Amino acid sequence: MNAVMTPRASDLTSSIRHQLFIDGQFVDAASGETLISVNPHDNSPIVAVAMAGHADIDRAVAAARRAFPRWSRMAAAERGRILLKVADLIEAHAEELARLESLDTGHPLRDSRRLDVPRTAACFRYFGGMADKFQGDTIPVEAGFLNYTLHEPVGIVGQVVPWNFPLMFTGWKMAPALAAGNCIVMKPAEITPLTSLRIAELMSIAGVPDGVVNIVPGLGAVAGQYIAEHPEIAKVSFTGSTATGRRIVNASAGNLKKVHLELGGKGPNIVFDDANLQAAVNGSAWAIFHNQGQACIAGSRLMLHERIADEFLDKFLPLARSIRLGNPLDEATEMGPLTSSQHRDRVLDYVGIAQAEGGQLLAGGQSPGGELAAGCYVEPTVVQAASFKDRVAQEEVFGPFVTVLTFKSDEEALQIANSTDYGLGSGLWTGGLQRAHKFARDLSAGMVWINSYKRVNPGSPFGGVGRSGYGREMGFEAMREYTNVKSVWVNVDAQIPAHFER
Ligand code: NAD
């Protein structure tokens, strides 16, 4: 660790926002309760954050309802202009946001700087530009009538965000919802609330009116559940586990909310024997080890054609073992800690599960000692599974843990790839054009990356099938998610209706 380059956590804490953000103000929870945000590097407390309960959610919803008429009827271009300003402010505060995100989540600073912050700004910029371009249709109907569609905001939107990419997901969820004219009550994950509170403050500075965005950190089973149940919230957008997704669907039934679910994944990353092996090795390491594997789209099943499996692993295993673990705020760090010690323990449990099923540990498999022993670290871990039906080949581990499987033919590769209940990210490495497109067509997945992995862009739809959820973030799809379509009929020629003629 480089003592000169690595700021202490306390250097950042003086400016950290730690109250609820409701109606344009930072306020304490009605109950006065707090939860402690912890630095996963050493499990030291960062700050006590106000913890929202039902009364606070009700206040946030009431503020959003008051703000809705003005925000939803504002010229779309004006909403867009404000979102573009948000993007500018994120860029102006890029270094602060990157450090805050790394402190709270464990993302290596180099990734927070290079990916999380620019992607969040890009998302606000994209949807800022989109606000006045998402238009309805005129539909050629019967003579004498004009029919057109209006895309109307759904109203008050509840958004429940996980802990793996809190800053970026805040952008992914808020930017399209706001561009479409909705007001928001957002609950960040209880363990990573800090960047969303700061973003809310920047949004206020950019001109987002009071009440349009409300941030309510709190417990999932209390604040999250209440958002999903709330009779005045018209839609809930959720990213997180499949089990919680199910609870949200049940809780939303009272007022038949629209529900959008981004859930887990068990991404197949398939390397064929005609692949550029060096590119596949590097891309596969990125696919699983970026953000310590805490990504729903991670390439967590590394599927190798048996002809190249040994040669691939001869390159991949040393690369995995060479990844530099360390304090996320150290600029040299390539992999930080997992985001909580509870999650670290869950990931490590899977090493035992793999071995009990006859799997072979090829690399990693434990927490490093020394100066990292107090943190939530797990070494880059590679396990060869005995069967594609094993738990480690079927269940989402959500850590720096990749399960290796081999296949003999394209048919077998497709069978293994499509053998889980999930269908989110997927990738393949091949020189064969026809094979690439065949797999793109036949994989059960929301996204397919060919000779790459884990690319995202605000214009490109993101989401899954099966138990990976439904609905899409990003692009025009996201605007559809956050709007209702109204069909308007106009009797242009003033025809007298012919029914019940007298
Ligand atoms: P989780 O689903 O419990 O938490 C995600 C969010 O949902 C958090 O904000 C949490 O407070 C909230 N939440 C929890 N219970 C709720 C409820 N009953 N009603 C409403 N909201 C509720 O996820 P987790 O337990 O923190 O993580 C475990 C697993 O979740 C991971 O192993 C992974 O499978 C999955 N996960 C997926 C993503 C993703 O990007 N798709 C992100 C994080 C976690």
Side-chain angles (χ1 to χ4, degrees), residues 1-21 26 34-51 89-121 161-171 188-202 215 217 290-295 324-344 367-368 371-378 399-400:
M1 191 170 33
N2 181 336
V4 177
M5 303 297 282
T6 307
R8 287 163 300 141
S10 57
D11 295 342
L12 290 162
T13 48
S14 56
S15 62
I16 288 177
R17 300 294 165 209
H18 54 86
Q19 290 168 293
L20 313 179
F21 186 76
F26 283 104
T34 56
L35 37 88
I36 305 292
S37 184
V38 168
N39 178 352
H41 167 60
D42 56 8
N43 280 308
S44 61
I46 302 171
V47 68
V49 178
M51 181 166 78
L89 283 174
I90 290 170
E91 283 169 351
H93 294 81
E95 185 63 14
E96 176 204 341
L97 287 167
R99 286 176 183 274
L100 196 54
E101 186 77 335
S102 290
L103 178 69
D104 207 18
T105 63
H107 292 197
L109 185 58
R110 54 161 61 190
D111 289 349
S112 302
R113 276 181 183 155
R114 192 169 52 99
L115 298 171
D116 301 68
V117 174
R119 283 177 172 177
T120 307
V161 180
W163 42 263
N164 56 333
F165 292 99
L167 176 66
M168 205 171 73
F169 287 165
T170 295
E190 40 274 67
I191 59 173
T192 56
L194 302 184
T195 42
S196 52
L197 291 169
R198 181 68 174 123
I199 287 277
E201 190 175 24
L202 295 179
I215 311 285
H290 164 235
N291 198 31
Q292 297 76 254
Q294 300 169 127
R324 287 192 299 276
L325 267 68
N327 186 339
L329 292 174
D330 184 335
E331 318 222 353
T333 292
E334 292 177 322
M335 224 177 81
L338 303 196
T339 301
S340 71
S341 49
Q342 190 190 17
H343 189 55
R344 174 202 57 201
S367 285
E371 63 181 16
L372 302 184
C376 307
Y377 292 87
V378 174

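Values in this document were obtained by computation on a predicted structure and should not be read as measured data.
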Closest non-hydrogen atom pair, [X] against [Y]:
{"X": "S112", "Y": "H107", "value": "OG-CB, 3.4 Å"}
{"X": "R99", "Y": "L329", "value": "O-CD2, 3.8 Å"}
{"X": "D116", "Y": "E101", "value": "OD2-OE2, 4.3 Å"}
{"X": "P108", "Y": "G336", "value": "CG-N, 3.7 Å"}
{"X": "P328", "Y": "G106", "value": "CB-O, 3.4 Å"}
{"X": "V378", "Y": "P400", "value": "O-CG, 3.8 Å"}

If you measure from [atom1] on [X] to [atom2] on [Y], what distance do you get to the nearest 0.5 Å?
{"X": "M168", "Y": "N291", "atom1": "CE", "atom2": "CG", "answer": "8.5 Å"}
{"X": "Q294", "Y": "S340", "atom1": "CD", "atom2": "OG", "answer": "8.0 Å"}
{"X": "D111", "Y": "L109", "atom1": "CG", "atom2": "CG", "answer": "9.0 Å"}
{"X": "I215", "Y": "F21", "atom1": "CD1", "atom2": "CZ", "answer": "7.5 Å"}
{"X": "L103", "Y": "T192", "atom1": "CG", "atom2": "OG1", "answer": "11.5 Å"}
{"X": "D42", "Y": "N327", "atom1": "CG", "atom2": "CG", "answer": "7.5 Å"}

Under the rule for side-chain hydrogen bond (donor to acceptor under 3.5 Å, both in side chains), what residues qualify as partners of [X], not counting sequence neighbours?
{"X": "T120", "answer": "none"}
{"X": "S196", "answer": "none"}
{"X": "N164", "answer": "none"}
{"X": "S37", "answer": "D104"}

Partner set under side-chain contact (heavy atoms from CB on, under 4.5 Å) for [X], not counting sequence neighbours:
{"X": "V161", "result": "F169, K173, M186"}
{"X": "A332", "result": "R324, D330"}
{"X": "P368", "result": "L325, L372, Y377, E379"}
{"X": "S341", "result": "N43, R344, C376"}

Taking the side chain as every heavy atom from C-beta outward, state whether [X] and [Y] have any atom pair closer than 4.5 Å.
{"X": "V38", "Y": "P40", "value": "no"}
{"X": "L97", "Y": "I199", "value": "yes"}
{"X": "R110", "Y": "E334", "value": "yes"}
{"X": "I90", "Y": "V117", "value": "yes"}
{"X": "P188", "Y": "T170", "value": "no"}

Quick one: list whatever passes salt bridge (charged side-chain N to carboxylate O under 4.0 Å, His left out) with R119, sequence neighbours left out.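 If we apply the salt bridge (charged side-chain N to carboxylate O under 4.0 Å, His left out) test to R119, skipping adjacent residues, there are no hits.
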Salt bridge (charged side-chain N to carboxylate O under 4.0 Å, His left out) involving E201 - partner list, sequence neighbours excluded: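 Checked E201 against salt bridge (charged side-chain N to carboxylate O under 4.0 Å, His left out); matches are R17, R198.
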Under the ring-ring contact (aromatic ring centres under 6.0 Å, His included) test, which residues partner H290, sequence neighbours left out?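 Counting only residues at least two positions away or on another chain, H290 forms a ring-ring contact (aromatic ring centres under 6.0 Å, His included) with F165, W286.
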Which residues pass the ring-ring contact (aromatic ring centres under 6.0 Å, His included) test with H93, not counting sequence neighbours?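 H93 satisfies ring-ring contact (aromatic ring centres under 6.0 Å, His included) with no other residue.
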When you measure from the side chain of [X] to the backbone of [Y], do you find a donor-acceptor pair of N or O atoms at a distance under 3.5 Å?
{"X": "Q292", "Y": "P337", "result": "yes"}
{"X": "S44", "Y": "N39", "result": "no"}
{"X": "T339", "Y": "T105", "result": "yes"}

